[in-house]
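Sequence positions, counted from 1, serve as the residue numbers for this chain.
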Amino acid sequence: MSVRSSFVRRRLLPTLGACTAIAIAGTAIAVSVPLSPDPTDPGPPTDPVYGLAGGCYTLASETVPGFVVRDGDGYRVGADAADATKFRMQAAQLGRFLFFGDDSALIAGEPGHAFAALQATPATDWTLTFTDGAYTATSTTNGQQLGVNRADGRLAVTDPGQDPEAGRFRLAPADGCADFPEAEVGARGVPLTTSPGEVRGFIDAHVHMNANEFIGGEIRCGEPYSPLGVTVALQDCEDHEPDGLPALLENVLSHGSPFESHDTTMWPSFADVPSYDSMTHEQMYYRWVERAWRGGQRIMTNLLVSNRVLCELYPLRSNPCDEMETVRIEARQAHGIQDYVDAQYGGPGRGWFRIVSSPADARAVAASGKLAVTLGMEISEPFGCGLRNGAPLCTEHDIDAGLDELYGMGVRQVILTHKFDNALGGVRFDQGVTGLAVNAGNFLGTGEFWKTEPCTGVAKDNPIGNVDQSTAELTKSLPPGVTLPVYPDGDACNARDLTPLGEYAIRAMMQRGMIVDIDHMGVETADSALKILEDAQYSGVVSSHGWTDPSNYPRIYKLGGFVASYAGPSENFVGEWRAAREDRDERYYFGYGFGADTNGFGAQPAPHEDGARGVEYPYSTFDGGTVMEQQRAGTRTFDFNTDGLAQYGMIPDWIEDMRVFAGQDGAQFIDDMSRGAEAYLQMWERVAR
């Protein structure tokens with residue numbers, strides 16, 4: 001068996017320790033919208049509403065002669081075309097727009113009042129319709145109509161039925177509009193397209209793009225997108241101000257001390273965040289994901305994630321703590337991102353971000369050069385299958401109903417045990433201080449601490465560790481008189497095996513053609529799960545981010561499954577790739593993937609400690625079709641050599657760094673990585689229903 005790295009990955013679990021501490025005019029006209037990368041696309045959008053995205057226009061009334069112009073704190077009609085305010089039509093969502101003026105003000109509307117806003121707010125979000133050659137704008141927040149006051153010619157907001165004709169406008173193409181603020185992508189060229197016969201591109205098998213909604217929805221700073229743009233999506237949390245000192249969770253997770261500080265400014269300076277080790281700031285803004293796609297990524301498995309215990313411990317929340325409800329919220333947001341990207345590209349289906357639910361759809365999307373986004377789930381109590389004092393809190397009926405709901409959402413990859421034991425099986429331990437914190441959470445969630453037994457095979461669980469003076473603080477979240485158990489030295493495995501309900505869940509997933517992700521299963525639970533899959537010769541099995549014992553990898557490969565390593569330091573990942581080449585089964589197509597776990601409270605790859613520069617900008621993607629430059633957002637320029645993987649757009653830079661690190665094996669490394677998407681697709685195709 002090949003020797004794997006001993007690199008210790010920081011995951012969701014340090015959060016528990018931190019949380020417990022916190023708890024004590026015209027119709028169709030040409031527009032400047034980015035074209036779809038799909039070569040079969042018919043060309044520029046022609047829909048009179050969707051096609052406005054990104055275009056530059058002046059606005060004229062059909063009721064009062066003249067064009068709209070800024071006038072004091074509002075707008076009036078009556079200017080000639082040369083003096084009219086020019087508006088960048090910034091898509092806020094499908095059919096919705098911000099009127100961004102050449103003076104950087106936006107048309108805003110409140111009941112009875114239209115005014116010039118200096119920043120985007122919900123009042124600047126307008127839904128447009130097109131009828132008989134004219135446009136009508138209604139406030140997305142309150143449904144009132146933008147129109148012209150016939151008495152003084154000023155723009156006003158009224159009930160739609162009050163004077164419908166006063167709300168009819170024409171748009172005329174113009175030049176000289178201001179650019180709406182946005183993060184740059186830093187990529188030039190056309191994404192690679194391939195034949196559906198063999199997709200080439202990278203795969204991230206484990207990431208959390210919608211984690212801003214998990215653990216109550218208030219634990220992260222920033223969002224993957226906002227209809228109001230980057231200045232709203234990437235602003236720091238108010239509870240971090242001033243100087244980051246109140247941000248206890250961020251300080252404990254990222255710095256190991258509650259008394260740290262950070263510059264709380266995200267857009268536009270991003271002085272301190274995002275960073276490779278910042279655990280509570282958004283790292284998957286959609287433009288950063290776009291850069292990863294343009295850099296060669298073709299599949300992304302977006303796992304919907306949450307944790308009830310952490311949610312109940314954290315003092316701020318806007319979402320319920322029920323994990324399945326959080327999954328629903330995150331799934332809706334994922335589709336909202338797809339619609340938002342479509343809106344930027346001129347209409348439904350035109351964007352590069354495509355949520356797929358079958359391998360055939362994923363293959364078609366990836367082959368066309370777009371990003372196929374598959375959905376997965378990683379929660380601690382799937383289908384409500386918690387555990388309390390040894391008694392399961394779900395039934396077989398709950399499992400079937402939950403899987404049917406997930407399948408209907410498009411979820412195809414499921415982790416059945418995550419961080420805490422549940423009614424389906426035992427979890428793989430976290431080690432050291434993290435293990436102590438998670439064990440405390442296991443007690444709070446289930447009424448029991450982890451039970452261990454001597455490991456009997458090659459596979460080992462992580463050592464939990466025992467409480468000492470430096471870790472005694474972790475016990476304060478426990479009820480009076482309850483203390484963490486003392487575990488014997490040496491190898492110990494979770495005594496909890498796959499339960500009958502867990503076996504039922506795996507067989508039910510197989511019946512639906514779903515993918516069993518064995519990461520986070522304890523040694524006994526993973527072994528029993530793999531035996532069921534081996535008896536059925538079921539290929540739909542993955543280790544999505546290296547959170548299983550390495551001795552399971554050959555068993556996964558023998559089934560025709562897929563392995564992705566955690567996106568750690570280049571030296572660790574390249575070593576794990578070399579080991580995977582030894583473990584692979586020659587009967588199956590081989591490609592390698594990564595699981596970045598971004599937004600999941602997992603530290604990302606740091607810059608090299610010795611200051612080595614593995615990435616020389618600009619560089620070309622593996623297919624030679626795209627030139628990757630340093631990515632800019634606001635006033636900050638990101639450089640992998642000094643910043644590490646500070647945000648998701650630097651995934652291609654990390655891969656380039658590993659290519660250089662691999663030396664004479666660099667070409668083989670890139671070849672195997674670019675075959676990862678195809679290997680995952682072939683695994684999925686063998687089991688899909």
Engineer: Can you tell me how far the CG atom of L375 sits from the CG atom of L304, to the nearest 0.5 Å?
Structural biologist: 5.5 Å
Engineer: If only atom types and distance count, is the side chain of Q631 paired as donor or acceptor with the main-chain N or O of W288 below 3.5 Å?
Structural biologist: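 A pair under 3.5 Å: no.
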Engineer: Taking the six-membered ring of Y407, is the NZ or CZ of R412 close enough (under 6.0 Å from the centre) and on axis enough (within 45°)?
Structural biologist: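 Checked: cation-pi criterion met.
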Engineer: Assess whether salt bridge (charged side-chain N to carboxylate O under 4.0 Å, His left out) is satisfied between R581 and D672, documenting all intermediate values.
Structural biologist: CA-CA 9 Å; R581 288 189 61 80; D672 287 348; 2.4 Å; yes
Engineer: Taking the side chain as every heavy atom from C-beta outward, state whether V327 and M409 have any pair of such atoms under 4.5 Å apart.
Structural biologist: yes
Engineer: Just by distance, no angles: are the side chains of E182 and Q90 close enough, under 3.5 Å, to form a donor-acceptor pair?
Structural biologist: no
Engineer: Quick check on the 6.0 Å ring-centre criterion: do Y286 and Y225 meet it?
Structural biologist: no
Engineer: Using the ring-ring contact (aromatic ring centres under 6.0 Å, His included) rule, pick out the option among Y648, Y276, F638, F573 that qualifies with W654.
Structural biologist: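 That would be F573.
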Engineer: Could you tell me whether a side-chain N or O of E685 sits under 3.5 Å from a main-chain N or O of A360, the two making a donor and an acceptor?
Structural biologist: no
Engineer: Quick one, M300 and M209 - any side-chain contact, counting heavy atoms below 4.5 Å?
Structural biologist: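 Yes - at least one pair of side-chain heavy atoms lies under 4.5 Å apart.
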Engineer: Taking the side chain as every heavy atom from C-beta outward, state whether R636 and D643 have any atom pair closer than 4.5 Å.
Structural biologist: yes
Engineer: Should E290 and R294 count as an ion pair when the cut-off is N to O under 4.0 Å?
Structural biologist: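 So E290 pairs with R294 through a salt bridge.
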Engineer: Quick test of your reading of the model: are R659 and D665 salt-bridged, counting only N-O distances below 4.0 Å?
Structural biologist: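 Salt bridge flag = no for D665 with R659.
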Engineer: CZ of F640 to CD1 of I651: how many Å apart, nearest 0.5 Å?
Structural biologist: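 Separation between the atoms: 9.0 Å.
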Engineer: With the side chain counted from C-beta on, respond yes when V541 and L530 share a heavy-atom pair under 4.5 Å apart, and no when they do not.
Structural biologist: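 Sidechains of L530 and V541: in contact.
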Engineer: Taking atom types as modelled, is there a side-chain donor on Q413 or H206 under 3.5 Å from an acceptor on the other?
Structural biologist: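 Their side chains do not contain a donor-acceptor pair, so the 3.5 Å distance test is not met.
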Engineer: Do H520 and L416 touch side chain to side chain, with heavy atoms closer than 4.5 Å?
Structural biologist: no
Engineer: Working to the nearest 0.5 Å, report the span between NE2 of H281 and CE of M266.
Structural biologist: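 Rounded to the nearest 0.5 Å, the NE2-CE separation comes to 6.0 Å.
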Engineer: Taking the ring of F562 and the ring of Y592, is the distance between their centroids below 6.0 Å?
Structural biologist: no
Engineer: Between atom OH of Y538 and atom CE of M514, what is the distance when rounded to the nearest 0.5 Å?
Structural biologist: 8.5 Å
Engineer: So which of W293, F594, F622 actually passes ring-ring contact (aromatic ring centres under 6.0 Å, His included) with F202?
Structural biologist: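 With F202 as partner, ring-ring contact (aromatic ring centres under 6.0 Å, His included) holds for just one option, F622.
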Engineer: Is the ring centre of F601 less than 6.0 Å from the ring centre of F214?
Structural biologist: yes
Engineer: Looking only at side-chain N and O atoms, does T635 offer a donor or acceptor that is under 3.5 Å from a partner on S269?
Structural biologist: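 Distance-only check fails for S269 and T635.
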Engineer: Check R332 with E330, please: is the shortest side-chain N to carboxylate O separation under 4.0 Å?
Structural biologist: no
Engineer: Is it the case that the side chains of Y557 and E586 hold a donor-acceptor pair, with the cut-off being a distance below 3.5 Å and no angle test?
Structural biologist: no
Engineer: With rounding to the nearest 0.5 Å, note down the distance linking CZ in R298 to CG in L192.
Structural biologist: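 Going from CZ on R298 over to CG on L192, the span is 6.0 Å.
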Engineer: Within the distance-only criterion (no hydrogens, no angle test), does the side chain of N212 pair as donor or acceptor with the backbone N or O of G217 below 3.5 angstrom?
Structural biologist: no
Engineer: Do the side-chain N and O atoms of E576 and Y566 include a donor-acceptor pair separated by under 3.5 angstrom?
Structural biologist: no
Engineer: Test the R584-F590 pair against the cation-pi criterion, namely NZ or CZ under 6.0 angstrom from the six-membered ring centroid and within 45° of the ring axis.
Structural biologist: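 Output yes; distance and angle both within limits.
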Engineer: So, applying ring-ring contact (aromatic ring centres under 6.0 Å, His included) with W577, which one of F669, F661, Y553 is it?
Structural biologist: F669
Engineer: Other residues, nucleotides and ligands only: do more than 12 of their heavy atoms fall within 6.0 Å of NZ on K460?
Structural biologist: yes
Engineer: Just verifying a value: how many Å separate M377 CE and I415 CD1, rounded to the nearest 0.5 Å?
Structural biologist: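 Nearest 0.5 Å value for the CE-CD1 distance: 9.5 Å.
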Engineer: Taking the side chain from Q344 and the backbone from Y340, do they hold a donor-acceptor pair closer than 3.5 Å?
Structural biologist: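 Pair found, side chain donor or acceptor close to backbone of Y340.
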Engineer: Would you tell me whether N210 and N302 have side-chain atoms, one donor and one acceptor, within less than 3.5 Å of each other?
Structural biologist: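 Side-chain D/A pair, N210 to N302: present.
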Engineer: Within the structure provided, determine whether L371 and V289 are in side-chain contact (heavy-atom separation under 4.5 Å).
Structural biologist: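 Yes - at least one pair of side-chain heavy atoms lies under 4.5 Å apart.
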Engineer: Kindly say whether G614 contributes a backbone atom to a donor-acceptor pair with the side chain of N641 at under 3.5 angstrom?
Structural biologist: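 Checking the backbone N and O of G614 against the side chain of N641, a donor-acceptor pair under 3.5 Å is found.
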Engineer: Answer yes if the side chains of T637 and R632 hold a donor-acceptor pair under 3.5 Å, and no otherwise.
Structural biologist: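 Yes - a donor-acceptor pair under 3.5 Å links their side chains.
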Engineer: What I want to find out is whether R200 reaches D623 closely enough, with some N-O distance under 4.0 Å, to be called a salt bridge.
Structural biologist: no
Engineer: Examine distances only and state if a side-chain atom of K419 and a backbone atom of S380 form a donor-acceptor pair shorter than 3.5 Å.
Structural biologist: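 No: the side chain of K419 does not pair with the backbone of S380.
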Engineer: Does the side chain of H418 pick up a donor-acceptor pair with the side chain of D519 at under 3.5 Å?
Structural biologist: no
Engineer: Are any of the side-chain heavy atoms of Q338 and V341 separated by less than 4.5 Å?
Structural biologist: no
Engineer: Scan residues 335-349 for pairs that pass salt bridge (Lys or Arg N to Asp or Glu O under 4.0 Å), counting only residues two or more places apart or in two chains.
Structural biologist: D342-R354
Engineer: Which one of H208, H545, Q604 satisfies the side-chain hydrogen bond (donor to acceptor under 3.5 Å, both in side chains) criterion with D597?
Structural biologist: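 When side-chain hydrogen bond (donor to acceptor under 3.5 Å, both in side chains) is applied between D597 and each of H208, H545, Q604, only H208 qualifies.
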Engineer: After noting the C-alpha distance and the side-chain angles of R291 and D653, does the key distance pass the salt bridge (charged side-chain N to carboxylate O under 4.0 Å, His left out) rule?
Structural biologist: CA-CA 10 Å; R291 188 174 189 274; D653 304 0; 3.0 Å; yes
Engineer: Are any of the side-chain nitrogens in E678 or R675 under 4.0 Å away from the carboxylate oxygens of its partner?
Structural biologist: no
